[in-house]
Amino acid sequence: MVDSDHSITNAFLLIMTLVGLSIILSVIKHHSKTASRWLEGLPVLVLRNGAWDKEAGDNTRVDPSEVVAAARSKQGLERLDEVKHAAIENDGTISIVPREGS
Amino acid sequence: MAQTRDDGLQIEQDRTHSRREWRIERVGWAVMAILLAAGLLGLLGYGPLSQANAGEPGKLTLAYDRLQRASAPSEYHFTVAPSLARDGVFRLRFDNALLDEVELQSIIPEPEHVRAGPGYTEYVFAMEAAEGSPARIQFQFEQATFGHVRGNVTADGAAPLVIDQFILP
């Protein structure tokens, strides 16, 4: 990327290019819903109303044991049937919505 | 802002979009697997399918990479029958097309002389005409640019060697 040019000028240009690209992309994402969907992705529900969605689980490579682990660590839940919804968020984390009364 | 669904969850989920993303992801995996296999086989340089040979065994042969990468170390490896030597020297003539975009790193053994001729460069090596095991001459270099490179290497008493290379960027 910088080849044999180790000058401060080149380092400055490189950093500005990367920071500039990041700013441009964030502006595009802010103004275009379509661009945001493709660049950021959308959350995927793997557990809906307590029902496991096999298609979503297989395609996101997430299995129920990972959802139970997230439910335990984030909500202090003991079992999968205490989870109402579980979603894979854009950043890859698993978010948990507990059943009412759990 | 995401719509609130029937189940009370406010989430922007679109299964059609997600399916499209998953399909594209799989195509990306396939492309990566193909590139990796191509790399292992040498189709991106440095592998069994990139190695090429030219010449007549027992006289003058050349081993080189038909697929190579720009700015990567490469070599022309000649095997020379000592009987090809004339007057204590062996002359190897390269078409300039082969050397124009090459950064020569070293030549082993070092030539006695290098001469420029019309369209070619001649390297003259000290070598005694004798029977016996062949001599080795190595040109180590880096290609400075990318694209198709083709040219001949000639030596007195041997058929011309055709070098045909594709240099990847």
Side-chain angles (χ1 to χ4, degrees), chain A residues 1-6 29-63 67 70-71 74-75 77 80-102, chain B residues 1-36 39 44-46 65 68-75 99-106 140-147 149 166-169:
Chain A
M1 206 167 190
V2 296
D3 210 0
S4 55
D5 183 351
H6 299 146
K29 279 187 289 188
H30 184 70
H31 289 287
S32 163
K33 195 178 163 190
T34 310
S36 174
R37 284 174 158 221
W38 283 105
L39 294 168
E40 291 266 301
L42 289 177
V44 178
L45 276 172
V46 285
L47 194 76
R48 191 164 57 186
N49 283 322
W52 183 255
D53 185 332
K54 190 173 182 312
E55 183 196 19
D58 287 349
N59 281 294
T60 52
R61 278 95 58 206
V62 169
D63 56 42
V67 172
K74 291 175 180 168
Q75 301 284 343
L77 301 179
L80 192 62
D81 60 18
E82 290 176 311
V83 180
K84 186 180 180 193
H85 303 301
I88 313 302
E89 300 295 344
N90 298 350
D91 61 1
T93 55
I94 301 174
S95 58
I96 302 291
V97 179
R99 280 188 190 282
E100 281 152 36
S102 291
Chain B
M1 190 80 171
Q3 300 280 313
T4 305
R5 298 148 43 102
D6 296 343
D7 52 19
L9 197 60
Q10 191 171 31
I11 189 169
E12 193 186 358
Q13 197 196 227
D14 181 344
R15 190 47 63 90
T16 311
H17 176 84
S18 295
R19 285 194 184 114
R20 217 172 283 154
E21 272 189 354
W22 294 332
R23 259 201 307 278
I24 291 169
E25 187 181 53
R26 273 163 183 69
V27 171
W29 290 351
V31 170
M32 279 195 287
I34 289 167
L35 285 175
L36 196 59
L44 303 177
Y46 297 117
D65 293 307
Q68 190 47 264
R69 304 169 197 168
S71 302
S74 186
E75 65 177 38
L99 302 173
D100 281 346
E101 302 294 344
V102 154
E103 286 176 15
L104 268 178
Q105 309 286 326
S106 65
Q140 296 173 334
F141 59 89
E142 288 178 6
Q143 292 284 357
T145 188
F146 57 91
V149 176
F166 189 81
I167 315 302
L168 297 158

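Lettering follows sequence order; numbering is per chain, from 1.
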Please walk me through it: do A/Leu42 and B/Gln13 pass side chain to side chain contact (heavy atoms under 4.5 Å, CB included)?
CA-CA 6 Å; A/Leu42 289 177; B/Gln13 197 196 227; over 6 Å; no

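Contacts between A/Asn49 and chain B at a heavy-atom distance below 4.5 Å involve the side chain alone, from C-beta outward.
Around atom CZ of B/Phe146, no more than 12 heavy atoms belonging to other residues, nucleotides or ligands sit under 6.0 Å away.
Contact annotation for residues 25-33 of chain B against chain A (heavy-atom separation below 4.5 Å, listed by residue number): B/Glu25, B/Arg26, B/Trp29. Of all residues spanning residues 87-97 of chain A, those with a heavy atom less than 4.5 Å away from chain B's heavy atoms are A/Ala87, A/Val97, arranged by number.
Here the straight-line distance linking atom CG of A/Asn59 with atom CD of B/Glu21 works out to 10.5 Å at 0.5 Å rounding.
Not counting sequence neighbours, the partners of A/Trp38 by the ring pair (Phe, Tyr, Trp, His ring centres under 6.0 Å) test are B/His17.
Taking a cutoff of 4.0 Å between a charged side-chain nitrogen and a carboxylate oxygen, A/Arg37 and B/Glu12 qualify as a salt bridge.
For residues 39-54 of chain A, the salt bridge (Lys or Arg N to Asp or Glu O under 4.0 Å) pairs, not counting sequence neighbours, are A/Lys29-A/Glu40, A/Asp53-B/Arg15, A/Lys54-A/Asp58.
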